[in-house]
Amino acid sequence: MSSPIDKLISDYNELTKFLISSGQFSESINVKDHYRKILLLSCASYYETRIMNAIKSFVKQNSSDEKLCEFVNNKAIKRQYHTFFDWSQTKNINNFLSLFGNNFKNKVSEEIKHNVSLADNISAFLVIGAERNLIVHE
């Protein structure tokens with residue numbers, strides 16, 4: 001199954017091929033310059049949506065009380081995503097893991113220590129978030 005990000009990459013590749021094949025080299029360069037920002041912002045938004053939806057699903061699975069689900073959504077999730085992570089820290093997600101308690105944080109931190117691929121993916125995720133903030137706020 002392809003993600004919206006995969007579609008964005010595919011569309012970019014097709015557009016670039018078209019522009020180059022039709023001799024529109026400066027337009028191709030312009031598209032490339034804008035595409036990098038668009039891809040970064042799209043990836044950051046994609047991850048934000050996935051994480052927020054996972055948290056909402058987790059709450060719904062663990063509580064049948066609709067009022068609690070709405071409270072968590074309105075006060076703990078909406079407009080709070082960027083406070084979940086320390087975007088200046090691109091080596092770990094301890095800030096986020098701590099939100100679920102020390103036992104959970106310690107357990108997941110141990111898993112990350114023993115999984116180089118997972119640690120690399122987390123670092124890349126944090127870089128995307130930090131770069132997104134730079135683009136949006138500067």
Side-chain angles (χ1 to χ4, degrees):
M1 179 170 85
S2 69
S3 71
I5 303 302
D6 293 326
K7 174 82 169 105
L8 180 64
I9 292 168
S10 175
D11 290 350
Y12 166 75
N13 289 333
E14 287 179 31
L15 178 58
T16 301
K17 284 179 190 172
F18 169 77
L19 291 171
I20 290 172
S21 69
S22 62
Q24 299 180 53
F25 301 109
S26 61
E27 288 82 357
S28 174
I29 292 168
N30 287 336
V31 166
K32 183 178 180 180
D33 288 341
H34 293 293
Y35 170 75
R36 284 183 271 195
K37 291 177 186 175
I38 292 168
L39 180 61
L40 178 71
L41 293 172
S42 296
C43 287
S45 293
Y46 177 75
Y47 290 132
E48 178 177 351
T49 300
R50 295 282 311 264
I51 290 169
M52 289 180 12
N53 286 341
I55 294 170
K56 288 177 192 177
S57 294
F58 175 78
V59 172
K60 283 184 180 181
Q61 287 174 356
N62 289 285
S63 176
S64 59
D65 187 343
E66 188 63 30
K67 292 182 298 296
L68 177 62
C69 294
E70 286 299 317
F71 178 83
V72 169
N73 184 50
N74 291 326
K75 289 310 261 180
I77 298 174
K78 267 188 190 173
R79 298 182 185 205
Q80 297 299 313
Y81 174 77
H82 295 288
T83 67
F84 294 169
F85 302 92
D86 179 359
W87 298 111
S88 64
Q89 172 62 265
T90 58
K91 300 214 182 316
N92 66 59
I93 56 169
N94 289 341
N95 193 61
F96 178 70
L97 298 177
S98 295
L99 297 173
F100 298 94
N102 278 332
N103 288 340
F104 179 79
K105 178 187 155 253
N106 293 336
K107 179 182 176 200
V108 174
S109 293
E110 279 301 311
E111 289 178 31
I112 294 167
K113 279 183 194 174
H114 296 93
N115 186 333
V116 175
S117 176
L118 179 58
D120 289 345
N121 289 339
I122 289 168
S123 180
F125 164 78
L126 291 169
V127 167
I128 289 170
E131 290 295 318
R132 175 250 173 230
N133 288 345
L134 286 175
I135 289 174
V136 170
H137 297 295
E138 292 181 13

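Remark: I122 engages I93, I112, L118, L126 in a side chain to side chain contact (heavy atoms under 4.5 Å, CB included) (not counting sequence neighbours). Partners of D11 under the salt bridge (charged side-chain N to carboxylate O under 4.0 Å, His left out) rule, at least two apart in sequence or in another chain, are K7. The side chain to side chain contact (heavy atoms under 4.5 Å, CB included) check on N103 picks up nothing, with sequence neighbours excluded. S22 meets the side-chain hydrogen bond (donor to acceptor under 3.5 Å, both in side chains) test with Q24; sequence neighbours excluded. Annotation: side-chain hydrogen bond (donor to acceptor under 3.5 Å, both in side chains) contacts of E110 (sequence neighbours excluded): K113. Residues passing the salt bridge (charged side-chain N to carboxylate O under 4.0 Å, His left out) test with K78: none are found, sequence neighbours excluded. Here E27 pairs with nothing under the side-chain hydrogen bond (donor to acceptor under 3.5 Å, both in side chains) rule; sequence neighbours left out. Taking S88 as the reference, D86 meet the side chain to side chain contact (heavy atoms under 4.5 Å, CB included) condition, with sequence neighbours excluded.
Connectivity analysis of hydrophobic side chains (ILVMFWY, heavy atoms under 4.5 Å, direct or indirect) links V116 to nothing; its cluster partners are none. Side-chain heavy-atom separations under 4.5 angstrom define the hydrophobic clusters, and L134 shares its cluster with no other residue.
Q80 places a side-chain heavy atom less than 4.5 Å from the side chain of T83. Annotation: side chain of Y12 is not in contact with side chain of I38 (no heavy-atom distance under 4.5 Å). L97 places none of its side-chain heavy atoms less than 4.5 Å from the side chain of N106.
Checked by atom type and distance alone, the side chain of S21 pairs as donor or acceptor with a backbone atom of F18 at under 3.5 Å. A donor-acceptor pair is defined here as one N or O able to donate and one able to accept, closer than 3.5 Å; no such pair exists between the side chain of S63 and the backbone of V59. Counting only distance, with no hydrogens or angles, the side chain of S57 and the backbone of N53 share a donor-acceptor pair below 3.5 Å.
Under the 4.5 Å side-chain heavy-atom criterion for ILVMFWY residues, a single connected hydrophobic cluster contains both V136 and L8. In the hydrophobic clustering of ILVMFWY residues, with side-chain heavy atoms under 4.5 Å counting as a link, I51 and F104 come out together. The hydrophobic clustering, which links ILVMFWY residues whose side-chain heavy atoms are closer than 4.5 Å, places I20 and L15 apart.
Closest of all the heavy-atom pairs between N94 and S109 is OD1-OG, 3.5 Å. The heavy-atom pair separating S28 from T16 by the smallest distance is OG-CG2, 3.8 Å.
Within the structure, salt bridge (charged side-chain N to carboxylate O under 4.0 Å, His left out) contacts touching residues 48-71 (residues at least two apart or in different chains) are D65-K67.
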Contacts table for residues 30-37: side-chain donor-acceptor under 3.5 angstrom, sequence neighbours left out:
unit_1, atom_1, unit_2, atom_2, d
D33, OD1, R36, NH2, 2.7

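The number of heavy-atom neighbours closer than 6.0 Å to CZ of F100, taken from other residues, nucleotides and ligands shown, is above 12.
With rounding to the nearest 0.5 Å, the separation of CD in E131 from CH2 in W87 is 12.0 Å.
Using cut-offs of 30° and 60° for the angle between ring planes, the F125 and F85 rings count as perpendicular.
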> Run the side-chain contact (heavy atoms from CB on, under 4.5 Å) check on S3 and D6 step by step: do they pass?
Replying inline: CA-CA 5 Å; S3 71; D6 293 326; 3.4 Å; yes

> Taking it one step at a time, do F25 and L19 satisfy side-chain contact (heavy atoms from CB on, under 4.5 Å)?
Replying inline: CA-CA 7 Å; F25 301 109; L19 291 171; over 6 Å; no

